[in-house]
Structures are given as C-alpha cells and as structure tokens.
Amino acid sequence: MNRSKRSDVFPSTSLPVPPGTVAVATRWWHPLRGPMDCPAHPLLTAHARQAGFTVDARPWEEAAVNGDDRGPVGTTVVAVSYERPEGGHRGIALAARSEDSAAVAFAHRQIESWQAVLRTRRVLYVSEETPLPEAPPEGSPRPGDTPAPHAQGPWAPTTWTSGGLHTPAPHPHTPAAPHHPAPSPSRPHPSSVPPQGTRVRGAAWLPCGCPAASACPSAAAAERSLHRSLARGDEVVVVGAPVAGTGGGWLRRRPTGTVKRAVSEAEAEKLTVLDPERLSFVVTPGAVVSRATAILRVLRRRFPRLRGQHPWEWCYTTDDLDTAVGSVLGQSDALLVTGNGDSPLVRTALARAARSGLRVREVTSLDRLRPQDVDGATITVLHTPAPPPDHTGGAPDDSPDHREEGTGRDVSRVLDGLGPTGHICRTVRSMPLRSDFKGPPLISNA
C-alpha cells in the first residue's frame, strides 16, 4: 500500500471555507486519481471539534479540488490517498481558509500524523456468543429440577471469611452488569464493529459469565452439589477463581459445614483437610475450566478419594472467552476497547493484555483515538455498549447513550479508511454432547 500512497496540497478557488472552520471531505475528487472514498472522515471531524474548530463535513463537488483557477485562491486543501487492492482509491482530506494560519496548520498536522500510520492491517474481534442450552445429557440436571437460580437484578456477592464461605443478602445498590449475548457473523461487515453486545434493558450477567438470556443452569448445579456434599458430611473445596465480573451470588443459601477454597495449584498443594477420605469439590462458576482442571489434577494426586461435580455441570463460557481472547491478543499489536460498558470478555482481555504488556487504548469517543493507537499490522477491537438509560419514550438519537454506541460502530469504518483492512471475528464455543453420542468418524490420511 505504501507504494501507492500520495500526499497533496491543492489550492482551491471553488471550496469556500469560513474563518475558524475546518472542512472535512466525506467524499471528494482527486485531480488525477478520480473519485475518493473517505471512511475515516468521522475521525478527522472528532479531532477538529476537539481542537475547537467549527467543522463542515460533507461531500465535495468535483470542482472543489480541481478548481478552474478563476478568482483568488482562498482555500488550501491538504490530502493523502492510496490505492485499494480491489480497485479505486481512498483517502482523507481537510480544507481551511488559506489566510487562517491556525486552521491550515491543524490540517497539515492531522494529515501528516495519520498519513504516517496508513497501512494494510487486520482487525480482530471476539464474539461473546453464548447459545441457549439444548437438551442436557441423560441424568444431568434439567431446568425443572430446581427453581430458576438467576433472577433478574443484582446478585449477592460471595465472600470468604475465616469461617469459610458465605453469601450475604443482596445489596440493593449492587450494580447490574451489561448484557452482551452477541451474535457472531462469519464475515463481519467491513464498515462496523461486529455485534459484540446488545442493549437489553435490565439484563445482567450470570455468575458463570453467560448472559442472563442463556438460562445456564451451571451455578444452580454447583450450589446443589456443594450442599449435597456437605449434607453427607464431606468437607468441600471450591476450585478455581472466577473471571473478574463473574462468580458473584451463585450461593443462594448459607453453607452448613466446612467449605475451603483452592484458587491455584499452589493452594491445592497446601490444602489441609480433616479426613482425606471425605473430601468433595465444586468448580467455581465463572472459573476458566482449563485452570480449574489443573488444580483438580493436584487435588486428585493428593486425595485419591476426592469426589465432586460431574463435568457435564461445568460451564465453559469463560474458558471459551479466555481461549478466544488469548488467540487474538497473542497475534495483535494493540487492543482497542470501545464503549463505556463492561463484560467478562473485556475484563479477560484487559487482564491478559496487562500480563503480556500489550498496548491498550480505551476509545470512548473518536477524538481519543490517536495515530500511535492504530500503528500496527494487527489490531484487536472489543466493543462493550453501556446499558441504556430507562427513557420511557426511548433515548434520543443525540443522547450520550447513542453517541457512545456509535463510537463502536465507527471504529472499524475509520480503520477501513486508514489503509486496506481485513476484518476477522473469532468465536470459540464448547458444546455439551449427549452421553450416547458416538463421536465424529475418525479421519485417516491413508
């Protein structure tokens, strides 16, 4: 792409711009290259407004840059453009009144800074798609076995004390987390962030990390298993640490017995119990299963008579998110988090990025997106819309709620205008199979 990059400064007699104003082209006509598409124009508009200029963003007529040279040259146009692999050209262009030195200098700085990061790049996304449960395996808990454990509203936080594990009554001011049961398009639309969340009023995340609409029974199964083990006189160890933003409120009834925890293999090595023959386990809802099984491996070695939940009661949502996030961040140069919302997906990504030292930028508005934030061959974008306010008649189109969601939609389009871009959405999904499932046929290379 760099071989086709071309920067220009044009005098214009046909594009009047008032003092204190920066004109932003949403489409324009290059004298040599012809029609020019400008998907990144919202980015330039946001930065010009942030700098205090009045912005005139609109399509420019063909004669605007080609000027017929009649009359005084009143406008300076600063532009950069590049060839698209599929044909045609894209670019960005700003115009200012020639005698307005501040506006002209701003136009030059903007074009030069974004020109430096024009390149071919990949944009990766992670879908939070969580399917509604199908028929459970024979003998596994069914929805009618117990009351629905995940009523709408705040959950009671699960806390640890010197005496063990307990769940106090729900606090009336516990904030509900936003809802993100995003569909996962196989080919994300090139002009918008793939849907990574929906804005359902009153929705919440379940303790296991699934959206409330999924009706996942894993938290209820974990609580049932814990109380069943305590009732037969076993000590119970709760295995694994929930991903940030999950794990709260899965215990609706205070345990009556000894409950311990092991959130790491090191803690499992140090665990002491009264009777090694009477130890049971429960996997923490919201824990990453692959990490929990590593802890269980230690416990089974130390306590061969360990007893506990059947694996079909475990939820793999956070494990799938951890796998997907790890795979995209491992090949990314930067992570952009758009929107003002929150979710297990974003918390997982931020924790992984912090451990690896990956560059992270929260883009709550387009004027926060800087050239250095997109200076890379592969960028991961995660969008988390904030839960909408409860407007009786619906939020107006110019409300902060709509503007924030629009930021997420605009980021991909902006990146499309900063070089040829490939959009890839990663989805990892574990599905339980019936116990009588025979499995896929073996594939032979012979």
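In what follows, residues are counted from 1 in the order of the sequence shown.
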- Value rounded to 0.5 Å, distance of OH in Tyr82 from NE2 in His89: 11.0 Å
- Working for side-chain contact (heavy atoms from CB on, under 4.5 Å), residues Leu44 and Val22: CA-CA 10 Å; Leu44 301 179; Val22 172; over 6 Å; no
- Query: If you round to the nearest 0.5 Å, how far is CZ of Arg300 from CZ of Phe281?
  - Reply: 5.0 Å
- Task: Would you check if the side chain of His383 reaches a backbone N or O of Thr338 as a donor-acceptor pair within less than 3.5 Å?
- Result: yes
- Message: If the test is side-chain contact (heavy atoms from CB on, under 4.5 Å), which one of Val363, Leu382, Val360 qualifies with Leu336?
- Response: Val363
- Message: Testing the basics here: between Leu299 and Ala268, what is the closest heavy-atom pair and its distance to 0.1 Å?
- Response: CD2-CB, 3.8 Å
- Leu206 side chain near Ser214 side chain, heavy-atom distance below 4.5 Å: yes
- Task: Side-chain contact test, heavy atoms from C-beta onward, threshold under 4.5 Å: evaluate it for Thr380 versus Val325 and give yes or no.
- Result: no
- Measure the shortest side-chain to side-chain distance between Asp322 and Arg352 over non-hydrogen atoms and say whether it is less than 4.5 angstrom. yes
- Task: Could you pull out the closest heavy-atom pair between Trp114 and Leu369, with the gap in Å?
- Result: CH2-O, 3.4 Å
- Side-chain donor/acceptor of Thr284 to backbone N/O of Gly240, under 3.5 Å: yes
- Query: Could you go step by step and tell me if Leu350 and Leu335 meet the side-chain contact (heavy atoms from CB on, under 4.5 Å) rule?
  - Reply: CA-CA 9 Å; Leu350 291 177; Leu335 167 63; 4.3 Å; yes
- Message: I need the full list of salt bridge (charged side-chain N to carboxylate O under 4.0 Å, His left out) pairs touching residues 35-49, with sequence neighbours left out, sorted by first then second residue.
- Response: Asp37-Arg90
- Query: Has the side chain of Glu223 got a donor or acceptor atom that lies under 3.5 Å from a matching backbone atom of Arg252?
  - Reply: yes
- How would you list, by chain and number, every residue that makes a salt bridge (Lys or Arg N to Asp or Glu O under 4.0 Å) with Arg347, sequence neighbours excluded? Asp342
Donor-acceptor contacts under 3.5 Å from residues 115-124 side chains, at least two apart:
| from | atom 1 | to | atom 2 | distance (Å) |
| --- | --- | --- | --- | --- |
| Gln115 | OE1 | Ser7 | OG | 3.3 |
| Gln115 | NE2 | Ser7 | OG | 3.4 |
| Arg121 | NE | Val374 | O | 3.4 |
| Arg121 | NH1 | Leu418 | O | 2.9 |
| Arg121 | NH2 | Val117 | O | 2.8 |
| Arg121 | NH2 | Val374 | O | 2.8 |
| Arg122 | NE | Thr378 | OG1 | 3.3 |
| Arg122 | NH1 | Gln331 | OE1 | 3.1 |
| Arg122 | NH2 | Gln331 | OE1 | 2.9 |
| Arg122 | NH2 | Thr378 | OG1 | 3.2 |

- Query: Any ring pair (Phe, Tyr, Trp, His ring centres under 6.0 Å) pairs touching residues 223-244, not counting sequence neighbours?
  - Reply: none
- Task: Could you tell me the separation between the OH atom of Tyr316 and the CG atom of Leu321, rounded to the nearest 0.5 Å?
- Result: 14.5 Å
- Query: With sequence neighbours left out, what residues match Thr21 under side-chain contact (heavy atoms from CB on, under 4.5 Å)?
  - Reply: Val17, Pro18, Thr54, Asp56
- From Asp234 CG over to Leu226 CG, what is the distance, rounded to the nearest 0.5 angstrom? 10.5 Å
- Message: Looking at Arg370, I want to see if its CZ is surrounded by more than 12 non-hydrogen atoms of other residues, nucleotides or ligands under 6.0 Å.
- Response: yes
- Verify the distance criterion only: is there a donor paired with an acceptor across the side chains of Asp319 and Ser290 at less than 3.5 Å? yes
- Would you call Asp373 and Arg359 a side-chain contact if the rule is heavy atoms closer than 4.5 Å? no
- Decide yes or no for Arg232 and Ser280: does some side-chain heavy atom of the first lie under 4.5 Å from some side-chain heavy atom of the second? yes
- Query: From Thr45 OG1 over to Leu366 CG, what is the distance, rounded to the nearest 0.5 angstrom?
  - Reply: 9.0 Å
- Task: Mind listing the closest non-hydrogen atom pair of Pro242 and Pro285 along with its distance?
- Result: CB-O, 3.7 Å
- Could you note down all residue pairs passing side chain to side chain donor-acceptor pair (under 3.5 Å) where residues 264-276 supplies at least one of them, sequence neighbours left out? Glu269-Arg301
- Message: Within the 4.5 Å heavy-atom criterion, are Val24 and Leu94 side-chain neighbours or not?
- Response: yes
- Message: Could you tell me if the side chain of Thr26 sits less than 4.5 Å from the side chain of Cys38, heavy atoms only?
- Response: no
- Item | Inter-residue atom distance Leu43.CG - Leu415.CG, 0.5 Å rounding | 9.0 Å
- Closest approach of Ala324 and Val126, non-hydrogen atoms and distance? CB-CG1, 3.8 Å
- Of all heavy-atom pairs linking Val283 and Ala222, the shortest is O-CB, 4.1 Å
- Message: Give me the atom names and distance for the closest heavy-atom approach of Asp333 to Ala377.
- Response: OD2-N, 2.8 Å
- Task: May I ask you to test the Thr348-Thr318 pair for a side-chain heavy-atom distance under 4.5 Å?
- Result: no
- Hey, can you tell me if Phe106 and Phe53 have their rings parallel, tilted or perpendicular (30° and 60° cut-offs)? tilted
